[in-house]
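Below: the structure, in structure tokens.
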Amino acid sequence: LSTTDDGNESGDDGSGDDGSGDDGSGDGSSGDDDSGDDSTDAYEIGMVDSLTGSLSAFGERNQRGVELALQRVNEVGINDRDLELIVEDSESENQGGIAAAQKLVNQDGVPFLIGAVGSGVSLAIYESVVQDTDVVQLSQNSTGLNLTNFPGLLRMSPSGRTQSLALANLIDDDGYDEVAITYVNNDYGQSLTDAFVEAWDGDIAYNNPHDQEQQSYSGVISEMNESGADAWLFVTYQAEFATMVNEAFSAGYEAQFYGADSVSGDNVLENTPEGSMDGMKIVVPSAPVEEENYQTFASDFEAEYGQQPTSWSAYAYDCVMNAALAIQAADEFTGAALQETVRRVSGPEGEEATTFEAASQILADGGGPDDVDYQGVSGPIDFNEDGDPVGFLQILEVQDHDYEGVGFIEG
Amino acid sequence: MSFLTDPRGTLGDLTRPEAWVLGVSVAFLLLLFVALLAGALGPTYFLFLVGLAGMYALLSFGLNSQWGFTGLINFSVAAFFGVGAYGAALMTADSSPIAGGFNPLVGLIVGLSVAFVLAVLIGIPTLRLRADYLAIASLGLAEVVRLVVLNERWLTNGSAGLRGIPSFFAGWPVLSTFPQAMPGLRLEVVPGSPIFLEAPFWRASLNVLLVLGFAGATYFVLRRAHRSPWGRVLRTIRSDEDLARALGKNTYSFKMQSFVLGSLIMALAGVFYTHLNLYVGPGDLDPITTFYVWVAVILGGSGSNRGALFGGIVIVTIREGTRFLNDFAVPIDPAPLRLLLIGILIVVVMRYRPQGILPPQRELIWPSAVDGSGTPDRPASGVRERKRSDDLENRSENAENRSDDRDGNGPNGGDDDE
Amino acid sequence: MSDSANATTERTESGESDATGGPQIGAVAGKDDAVLRVDDLQKSFGGLTATDHATFEVERGTITGLIGPNGAGKSTIFNLISGFYEPDGGTVTVNGTDVTGMEPYEVAEHGLVRTFQTPRKLEGMTVREAMLVGPRNQPGESFLNLFTSPGTVGDSESANLADAERILADFEIDHLATQPATDISGGQMKLVELARAMLAEPEVLLLDEPVAGVNPTLAKKLKTQIRRLNERGTTFVLIEHDMEFVMDLADPIVVLDQGSVLTEGTPEAVRSDDRVIDAYLGGGA
Amino acid sequence: MTVLGYLANGLVFSSIIVLGSIGLSLVYSIADFANFAHGDTMTIGAYSALVTFGAVGGLGGAVLGLPYGFFLALIVGIAVAAVVAVGTEKLIYEPLDIDSIGLLITSIGIAFIYRAVIQIRFGADFTRFGVEPLRPIEWLIPYGIRVTRHDVAIVASAAVLVVGLHVLLQYTDLGRKMRAMADNPDLARVSGIRTKRVKLWTWVIGAGLAGAGGVFLGLFNQLSPRMGFNLLLVIFAAVILGGIGSVYGAMAGGFLIGMINQLTPLLSRLGEVLPLVPDGFGIPIGIEYANAIAFVIMVAVLLVRPNGIAGEGAT
Amino acid sequence: MSDDATAPTATVRDDDTTPTDAGDADDAVLALSGVDSGYGEVQVLDDLTLHLDPGEIVCLVGPNGAGKSTVLKTAFGMLTPWTGSVEYHGRDIGGMAPEEIVREGIGYVPQTDNVFGSLTIEENLRMGGVARDGGLDEVIETLYDRFPIIDEKRGAKARTLSGGQRQVLAFARALVMEPDVLLIDEPSAGLAPNTADDVFADVQEVNDMDTAILMVEQNVTKGLGISDRGYVLDQGTVRFEGTPEALLNDEEVSQLYLGG
Ligand SMILES: Nc1ncnc2c1ncn2[C@@H]1O[C@H](COP(=O)(O)OP(=O)(O)OP(=O)(O)O)[C@@H](O)[C@H]1O
Ligand SMILES: Nc1ncnc2c1ncn2[C@@H]1O[C@H](COP(=O)(O)OP(=O)(O)OP(=O)(O)O)[C@@H](O)[C@H]1O
Ligand SMILES: [Mg+2]
Ligand SMILES: [Mg+2]
């Protein structure tokens, strides 16, 4: 038994937490631990995802992106070691998410934690597990506005605030002065809507939440119709939105639809009638789709899964990439070290790289974290001081029952 | 666990299932201990699990004192849990929209008081209903509570939830700074796998201390109540309410007492949860918690306090233990696999231990009345597994009494505890 | 029965009911000493009149028999008296208090306890425990007492337990004491039901066919038990079809037919009443 | 929308709830436990129909906007749900020796298993039947009723199934045997009723109706592994409201709950729809409380009629 | 009544003596031999042997808890004999399910819970006849004629019947199958004297139509009064057997078991 060095307690906290992991107390550059031949072992990081529960559809999309990303990383390797991702299920609930994070951080000892989907769960994990440690938390999907108040909690998806502003401008520009809003009754829906309401100058004819996973939203739809507004804004998820579109269609309601990011997706197109949404405008955070890296990603994705990627897959993909680069750039595989590198490997300084291979090469060639600027498939990934990425937004319009990009907005 | 909190620890007179459970528990504990020493199990994580188990044990105690004692089918466990959690969080959290910043003890009191009021409010209309109806009425009212918490933002912060919650011991002398004050320790039992005990570990130990305090006190109260005439009236109501009424028991009042008591215990679990996880959101009121607690109580054995304790531990083992199964590569999508495993485990336990793992075994008579001579009450062999030979012996002994000794003071010797 | 239990009973009784409360008998003479009075009681179920202007009195200290054909309304009257049914009309007076419309437990608090014709099973209890539910107003039935005065609780529990065991022995079922209360024979259940009601030590005990299905040898002994308890002051109302049993034990006997009182009187008078023979006893009696 | 419109919507939604609640109620009274896997049985029906419909396609003609193939898929959905339920009864429930609450807990486990298997096979994302969606029926729009021919098909099919069940219960011995069994299983056996067989029939009918409910739910809305589970609470409310064990009560309860759920928006404009109430009057309660309102009404009804609408044991 | 009554005095059964009536058992309609049986792990019947001849009425008496009801339940398949055999017309039916035994021609009236409370009288009777092939309506009418007490209440729920009415209904329900052997558990319990007389008369009448009856009774005088033979059970085994007169006249038996 020995007392750990009191001198730099804060620095040791992190390594203490992951003490049972195999890379716990390395003090040199990654790979030479006191426990010996770790250099061939994989780097283990963790991910909390909604594998079951109400957001499991997002979890599924994430997992596709994650798998693809791991393939890419491990084709190249990080310091000749593999990257391994331990995925735990949050059951889409706080309790499950916290338990999952507890296991990852305090049992598996991961210094880097990707998670979670829902904004509430991400915050819960941050507050109760990550906050006082050095572990890096990077949420893959949370767009809730509250996360901005927690600089230690990074996220790949941009804050919903930019979206809300963009939507308010867009609807205004289209000449509507009255809008009916319905939002999903959780942190995501509520905070985005709050931001929208703040930014919106016109009238709000209807503004009500709806619960997730209901079997029918005809009450909501009819109330929106009743409200008299011609512009309808949906801040909700794909499944809920598809239900609403179908119900509006079979009730014969007509309106100009607008939507926040989570209402778009191939599955929405597939499961709604032709022409039911034509003209709808959606603001989504996005990499410029004409970029080459996105197109490679998309075609790889399609080859693997037989469908177009969603932005959720892209976020998860970039989370893994960012983690991998942070690990490679760090001196050692500890939370403290990764805190140092995670923002910088994709930050605006340095040479732009669009693939892991290229970015990794720069580092391998002796570059520091600031010498590389990884450009993700979901965007340029530049975290600001609040831990939010500087987002690029794309305006999609539904034309002939397909999404067409009709414009870009910078965050 | 069961013998840690069971101060009497009467090893001498265990029934077969008890011995079995004890054996398995000891083996399991040893395994955990070895894993801890070998560095295979993170001590901080382990303590978190113990805290979680304690929380589920508390919830199970609460439900057991409603369902197990009185037969009240309460499907609003999550609501009371949530009310306790929110009560504590709203008082203590710095993000609280109504108050906040109070001492956690205030939160404790407020959480329990709100649960008390809610229990009475839910109890008044539903406790007159037949058991099945109470079940769904409580489920419905729980949903109402959840929706209120979710939608009334001025009161609860809505879907954003509450954060910035202090530790339960914040503001206490010594304990509030204990985690930071403790030196970081490094243990190396198995060479190469050192164990670190630092601030998060000490924080987790405080949580465990807290939950052991809560659960221990609850267990003490419930055990005494269960063995008392009070508990007996509840059990009579459970089996035949009319009989209790005919014998002059005010069954509505007893049902209310049992309902309130159980609800308070659930709220206590909620208070603990708040300070364990430091974040509370409307999702914590989801009915899934209710189902898990039911599973815990039934798995443990309805009506048995030790069963409830054990069931709470088992449910955490099932829920969190299955995470480790993901470590083994399986050919199918791992996502729903855990759900599948949990489902299978529930079915398997019901199949092989249908009365629960530790069903009530003993007669429940006030201790001093049965073991006045100081001997511990032996298991009432008649209750579950009466041995055939015993039975015949007693009966033939009695037959002799019947024909020879009419005054009936003879037969007493055979079956009494004294 | 134990003194302490008796004392408890008395205390609450006099608190709630009239001044004559308490089990002392003979304090007041004459007709006024009716411990139970049923006055013009009516009850119908749908179209069927089960109780039809029934009126009778039960004098303190008696064993009153209540007989009548199947379906005459005997059990219904018990249900009305004990508060399980609400009468359509008429009143029930126990110990001078009008208990009409009261909850069963309130009626019991006024000193009246009943048994059920079909015995009630208590799951998850031993026979002994099932007996201990009987005594009324146990100090241990208050949650607070368990923690503030555990000693009192223990004392009363010990006394009750001793009582219970003695009654079980008297009823020859003491060998069942630690059996699950559900796993006993039909007749044994009746015995437990009766024994438990006796443990409640009410002033008035309504027994609904206590010896139906009980072995005749044992029934004889029960007769002695009932008589002994009666001598100590408990008033009994007894529904029973075993003529030997009622006629031996009860005086007076009230005969019920089609919901109303056909006749009442001494066993001899009833037994030789033509209407009773016709409606109830039949040739064989 | 007009009151008529809301009522029409309510009718469609109720039809689905009714199918679910009848099955649940039947199983509740015969197998004697609250089956928490009932919702997931609906899901099984829906996904079986999805696979079938995907395989057989439209098969030529169409009725009420639904291709023949869909009806075939409906039948397969019903059959698969029934077979799975019977299999579960034989493999799991029957060998168990536990009380009804133990069965209830077991059924939670079963529900997890069903759901997990469906998610493993079909993924977590939602999907729909490949049936061309319809626009509202034109000539009804002037009355404020906006329903499609699919909605009509749902109501009609549900009506056919419900009437069929009614005939089955009323004019065959099976119904009486079921009630006898619900009343006293031991005595039923003593009387010569082959209780295992009756129980199997109960599962076939109960799960079959659930399967049908699931298929219609999928048609009405969409399919996802959690679709049935999400409806379970509402279905329970319907069963309780109707009076446990009463099939006709379950119908009434399902109808009421479905209606209430859809009529919530009217609450805030009571004045406009009710004759004697002043125009501006309304109960200011948002649609987010729709489920809460259904539950509160349910509890209120229970207070007036503690044994449910149909009363105890009525059928 | 049949006239092949056995020995004129009550026979004491010892466990080690062979049954005196071994010969009779061969052509018995129902015979239990060497049966051990009970509930869960609790043994109740202990090497019990008895038989019922064609056309007989046999009465089982004994203290509460002696195992009388258990005998009937074992014979009727509600309990499976642990050892020994239950033979019906020489065929072993031990462990056969009750619903199948009904179809073999045995009827059973339980001691408690013997009507369907939530069904009407009419439906109760119909349920009694589910295993019949036909002629249900006629039988039911005959039964109504025989028991006017339930005829009046055809449409009433059985739950609303008085205790005695219930007993009659339970009896009638078992008769719908026109069984070959009828097992009755305490038919007169709770009946008014005149109704009890009627029931006993009915038992005799049913017996006259060639139904053998094994009956448990606590009303020993009347029960034994209409029987051809009687068994005294105690502690799960037969202690005495003999003609009714012999049992009633035996000082010891009468004292211990018959309330004499
Ligand atoms: N809850 C009820 N609903 C409808 N009818 C009832 C109810 N209870 C009793 N009855 C009817 O009232 C009449 C009297 O019944 P009760 O049980 O009082 O008779 P009883 O005198 O006790 O008969 P027994 O000696 O057979 O027990 C019977 O015809 C019975 O069917
Ligand atoms: N369900 C049961 N589980 C366990 N033991 C039982 C059960 N039912 C009865 N017993 C026991 O079996 C023994 C015989 O019971 P049985 O019912 O056969 O008695 P019986 O002779 O019919 O008595 P009675 O005249 O009181 O009806 C009794 O000691 C009783 O305690
Ligand atoms: Mg009666
Ligand atoms: Mg018996």
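Proteins come first, then strands; the chains are lettered A, B, ... in the order of their sequence lines, and each starts at number 1. Only a predicted model underlies this, so the values are computations on that prediction, with no experimental measurement involved.
Residue C:Ile184: no heavy atom, backbone or side chain, is found under 4.5 Å from chain E. Contact annotation for C:Ile67: neither backbone nor side-chain heavy atoms come within less than 4.5 Å of a heavy atom of chain E. When heavy atoms are compared at a cutoff of 4.5 Å, C:Gln117 approaches chain E solely by way of its side chain, counted from C-beta outward. For chain C, the nearby parts of E:Leu191 are the backbone and the side chain; heavy atoms of each come within less than 4.5 Å. For a residue to count as touching a neighbouring chain, one of its non-hydrogen atoms must lie under 4.5 Å from one of that chain's; by this rule C:Tyr280 touches chain E with backbone and side chain alike. In this structure, chain E has no heavy atom under 4.5 Å from any part of C:Ile239. For C:Ala50, no part lies near chain E; criterion is any non-hydrogen pair under 4.5 Å.
More than 12 non-hydrogen atoms from other residues, nucleotides or ligands lie less than 6.0 angstrom from CD of C:Gln42. Surrounding CD of C:Glu103 are more than 12 heavy atoms belonging to other residues, nucleotides or ligands, all under 6.0 Å away. Counting non-hydrogen atoms of neighbouring residues, nucleotides and ligands closer than 6.0 angstrom, the NZ atom of C:Lys223 exceeds 12 such neighbours. Applying the 6.0 Å contact sphere to CD of C:Glu123 captures no more than 12 heavy atoms from other residues, nucleotides or ligands.
Between the side chains of C:Ser75 and C:Asp208, at least one donor-acceptor pair of N or O atoms lies under 3.5 Å. Side chains of E:Asp234 and E:Tyr257: a donor on one and an acceptor on the other come within 3.5 Å. Looking at C:Asn79 and C:Arg114, their side chains do bring a donor and an acceptor atom within 3.5 Å of each other.
Considering only heavy-atom pairs separated by less than 4.5 Å from chain C, the leading option among E:Ser162, E:Ser188, E:Gly67, E:Ala192 is E:Ala192. Of the listed residues (E:Leu258, E:Thr160, E:Thr195), the one with the most heavy-atom contacts under 4.5 Å to chain C is E:Leu258.
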